[in-house]
Amino acid sequence: QVQLVESGGGSVQAGGSLRLSCAASGYTAGSYVVAWFRQAPGKDREGVAVIYFAGDNTYYADSVKGRFTISQDNAKNTLYLQMNSLKPEDTAMYYCAADPFVTIRRALAPYDYDYWGQGTQVTVSS
C-alpha cells in the first residue's frame with residue numbers, strides 16, 4: 001500500500017525559502033514517477049515539478065523554473081521540493097503524487113497519478 005506524507009509547509013515572506021518533504025512507503029525507492037502539485041483556492045490543481053524514477057529526468061512548470069528544485073533521497077525514499085525566491089502567487093496547498101509510470105507529455109497533469117499525499121500548506125506574504 002503506497003503512502004505519501006508531506007511536511008515542511010508554513011508561512012514565509014516573499015523572497016524567502018522553504019523545503020517540502022514527502023516521505024513515501026509501499027514501493028521501491030526510485031521505481032516510480034514522483035511529482036509535486038499545488039492547488040490554490042478556486043483554482044485547478046497544477047503540476048510544479050516531476051522526477052522520473054531514480055532521478056534520470058526532471059521537469060518543471062515554467063512558473064517555477066530557476067526557483068524550485070525537485071530531488072529525492074532513495075535511501076530514505078523521500079521526495080523534496082526546495083523552493084527559493086518565493087512569491088505570493090506560490091501560495092497554495094502542495095501535494096506530492098506518485099505513480100508507476102506517467103508519460104512525459106502528461107507528467108505535469110494530475111490525471112495519471114494514482115497516489116497522493118494529504119497536502120501541506122504554503123503561504124507567502126508580500
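Each residue takes its place number in the sequence, starting with 1.
With rounding to the nearest 0.5 Å, the separation of CG in Leu20 from CD in Gln82 is 9.0 Å. Interatomic distance, Leu86 CG to Phe68 CZ, rounded to the nearest 0.5 Å: 5.0 Å. To the nearest 0.5 Å, atoms CG (Leu4) and OH (Tyr113) are separated by 12.0 Å. In this structure, OG1 on Thr120 lies 7.5 Å from CE on Met93, to the nearest 0.5 angstrom. Here Phe101 contributes atom CZ and Tyr52 contributes atom OH; the two are 5.5 Å apart, rounded to the nearest 0.5 Å.
Side-chain atoms of Glu6 do not come within 3.5 Å of backbone N or O of Cys22 as any donor-acceptor pair. A distance-only check finds no donor-acceptor pair linking the side chain of Thr58 to the backbone of Ile51 [under 3.5 Å]. At distances below 3.5 Å, not a single donor-acceptor pair connects side-chain atoms of Asn57 with backbone N or O atoms of Val50. Judged purely by atom type and a 3.5 angstrom limit, Trp36 uses its side chain to pair as donor or acceptor with the backbone of Tyr80. Using modelled atom types, no side-chain atom of Tyr115 and backbone atom of Cys96 make a donor-acceptor pair closer than 3.5 Å.
The minimum heavy-atom distance between Val48 and Val64, with the atom names listed, is O-CG2, 3.5 Å. Residues Ala49 and Leu81 approach most closely at CB-CD1, 4.2 Å, considering heavy atoms. The shortest non-hydrogen separation linking Leu108 to Ala61 is CD1-N, 3.8 Å. Looking at every heavy atom in both residues, Thr78 comes nearest to Ala23 through OG1-CA, 4.1 Å. Heavy-atom minimum distance, Ala107 versus Phe37: O-CZ, 4.0 Å. The minimum heavy-atom distance linking Ser126 with Ala14 is given by the pair CA-CB, 4.3 Å.
A heavy-atom distance below 4.5 Å is found between the side chains of Thr69 and Tyr60. Phe53 places a side-chain heavy atom less than 4.5 Å from the side chain of Val33. Proximity of Val5 to Gln118: side-chain heavy atoms (C-beta onward) are separated by under 4.5 Å at one or more points.
Leu79 is connected to Val2 through a chain of hydrophobic side-chain contacts under 4.5 Å among Ile, Leu, Val, Met, Phe, Trp and Tyr, so both are in one cluster.
Between Asp90 and Lys87 there is no salt bridge, since none of the side-chain N atoms of the basic residue sits less than 4.0 Å from a carboxylate O of the acidic one.
A search for side chain to side chain donor-acceptor pair (under 3.5 Å) contacts involving Lys43 returns nothing, not counting sequence neighbours. The salt bridge (Lys or Arg N to Asp or Glu O under 4.0 Å) search around Asp44 returns none, not counting sequence neighbours.
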- Query: Can you list the steps and then say if Asn77 with Gln72 is a side chain to side chain contact (heavy atoms under 4.5 Å, CB included)?
  - Reply: CA-CA 7 Å; Asn77 204 0; Gln72 61 184 0; 5.9 Å; no
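Applying the side-chain hydrogen bond (donor to acceptor under 3.5 Å, both in side chains) test to every pair with at least one member in residues 92-109, sequence neighbours left out, gives these pairs: Arg38-Tyr94, Arg106-Asp112.
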